[in-house]
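A quick write-up on the structure given underneath.
Here is how names work: the chains are called A, B, and so on, in the same order as the sequence lines, proteins then strands, and each is numbered from 1. Reckoned from all heavy atoms, side chains included, excluding hydrogens, waters and symmetry mates.
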Amino acid sequence: MRIDSLEHRPGSGFRDDGRRAAPDASPDAPAVSARRICKAYGGTEVLRDIDLDVAPGETVCILGPSGSGKSTFLRCLNWLEEPSSGTVLLDGQPIGRLPGRDGRPRPMNARELAAARTRVSMVFQHFALWPHLTALGNVVEAPVHVLGRPRSEALAEGRRLLERVGLAERADAYPHTLSGGQKQRVAISRALAMRPKLLLFAEPTSALDPEMVGEVLAVMRDLARGGQTMIVVTHEMAFAREVADRIVFLDGGRVVETGTPDAFFTRPHTERAQRFLARYAR
Amino acid sequence: MTFDDVLTLLAAASITLGLSVAGIALGLPIGLGLALLRSARLPVLDQAIAALVSLVRAAPIVTLALFVFFVLPEAGLELAPIPAAVVTLTLNTAAFDCEIFRAGLAAFPRDQLEAASAYGLRPATRFRRIVLPQLWRASLGPLVSEMTIVLKGTPAVAVIGVVEITRAAGRIGAQTYEPLPPFLAATVLYTALIAVLVRGQRFAEARIARRYGYAVS
Ligand SMILES: Nc1ncnc2c1ncn2[C@@H]1O[C@H](COP(=O)(O)OP(=O)(O)OP(=O)(O)O)[C@@H](O)[C@H]1O
Ligand SMILES: [Mg+2]
């Protein structure tokens, strides 16, 4: 296992002496900057040297065949999966590893990791709502118990967010009474309630009945248009083509091709992307 | 059976109830603590707890009571019969509760834990806010079964001189040469105590199912 040094440029949160610099306030620091991300399970490499910068306001869709490493890569960005090597900066600040006293990287402790994760929210394929809390309870849980926002304020904002996804009337419903599409919209409200710099979507419509896919994609489209920075792993090609600012195509754990949706869908220049798209065209 | 005998039985019932409540109340948090320690999988400590729990679970309550009352004093811990009885029942039920909580923790949905971590909940907050409220609900059935077993296990502490329902009934039967009435009364008392527990469980389970929609065992 290789431990990388943390010196990596875009919006680097470190000075050369390895001590923490002031939070990077520059508005054009990438929302996320991932460098040389590698991940191996046992001996199998599933991610090989992936680099990705996402600018504030940008929507990036990650596409690729099954097993190409899309989910694994996304989970490395909020350190749900620990990369074997590589660095991730969220809004200029590191997640997962910090420089230790000797300047070499050390793993973040639970408190540091939790703090770093408040800058990024994730929407999961299977919703992962907390079933003992109402829709509104799910939305305000982290703002109140992680960010320490006053409960009344969080509740008011939570109601606004549920209204925004069309679920104002279901605020007091428990998850088991909601449809899949409604659950996922609650999950999106929960993600937004953290006011994250970056929103990660892990195949958000893959577990939905076909008739509910549209309502979730509509919410995501609105978010993208509203300037929310998003990375979306999806198999919804039409959505990616319409909404993404940029497509990142993974195959075999590598970024094989990246470009605008127009370029990617109309004139993919790698054979692997062509083959991938041909399967969807049928 | 005289009125005095009835009073004796009721006094004994309060001992049975008191011992059970004390054992259960102390055993639950200890069992939970042990289950959490085990789920942390600390080297050495994990095996030590596992061995201890198996030992206590295997020991009959009578044996455990004799151990606490007669052996612990040699280690400098001398206890009167009632405290010794509480310690015995606590140890016994904590070991079983530990296994119940451990199963509940092992079955806890991973995706919920992951979501909590992804949203920045620290381990302690995550346990308090997300895991515990669901863990106790999911474990309610087995926990109540275990509570009834503790209740029915209380006669075992008679060996160290505690007069609880069964011991009292036996004494009355021996004095009056009419064992049937006191043992009938004893049975009614146990049934009443257990009925209260089971009623409480059904009530809680119905509420949980109605509200949160997850069935509990
Ligand atoms: N925990 C794990 N242990 C071992 N191998 C794993 C693990 N998680 C993922 N993999 C492997 O890593 C590779 C990439 O998996 P990943 O789930 O990231 O792919 P994906 O692009 O999201 O695929 P899909 O489109 O099917 O969701 C696969 O070959 C998978 O078998
Ligand atoms: Mg996947």
Exercise. From Glu114(B) CD over to Glu81(A) CD, what is the distance, rounded to the nearest 0.5 angstrom?
Worked result: 7.5 Å

Seminar exercise, completed: Ranked by heavy-atom pairs below 4.5 Å to chain B, first place among Met122(A), Arg117(A), Arg75(A) goes to Arg117(A)

Seminar exercise, completed: Bottom line for Ala116(A): the part with an atom under 4.5 Å from chain B's heavy atoms is neither

Problem set entry | NZ/Lys197(A): more than 12 non-hydrogen atoms of other groups inside 6.0 Å | no

Problem set entry | Closest-packed option against chain B by number of heavy-atom pairs under 4.5 Å, given Ser121(A), Ala110(A), Pro143(A) | Ser121(A)

Exercise. If you take all heavy atoms of Ala142(A) and Leu121(B), which pair is closest and at what distance?
Worked result: CB-CD1, 4.2 Å

Exercise. Counting N and O atoms only, with roles assigned by atom type, does the side chain of His132(A) sit under 3.5 Å from a partner on the main chain of Val131(B), one being a donor and the other an acceptor?
Worked result: no

Exercise. What are the two closest non-hydrogen atoms of Ala187(A) and Tyr119(B), and how far apart are they?
Worked result: O-OH, 4.3 Å

Exercise. Within a reach of under 6.0 Å around CD of Glu78(B), are more than 12 heavy atoms found that belong to other residues, nucleotides or ligands?
Worked result: no

Problem set entry | Interatomic spacing from CG in Leu129(A) to CG in Asp111(B) - rounded to 0.5 Å | 9.0 Å

Exercise. In Å and rounded to the nearest 0.5 Å, what is the CD to CG distance from Gln134(B) to Leu133(A)?
Worked result: 7.5 Å

Exercise. Should we count CZ of Arg149(A) as having more than 12 external heavy atoms under 6.0 Å?
Worked result: yes

Problem set entry | Minimal non-hydrogen separation, His176(A) against Tyr212(B), with atom names | CD2-O, 3.0 Å

Seminar exercise, completed: Rounded to the nearest 0.5 Å, the CZ atom of Arg210(B) sits from the OH atom of Tyr174(A) at a distance of 11.5 Å

Exercise. Side chain, backbone, both or neither: which part of Ser117(B) has an atom under 4.5 Å from a heavy atom of chain A?
Worked result: both

Exercise. Is the count of non-hydrogen atoms from other residues, nucleotides or ligands lying under 6.0 Å from Arg111(A) atom CZ greater than 12?
Worked result: no

Seminar exercise, completed: Nearest heavy-atom contact between Ala128(A) and Ala115(B) is O-CB, 3.6 Å

Problem set entry | chain B contact via Leu200(A) - which portion, at a heavy-atom distance below 4.5 Å | neither

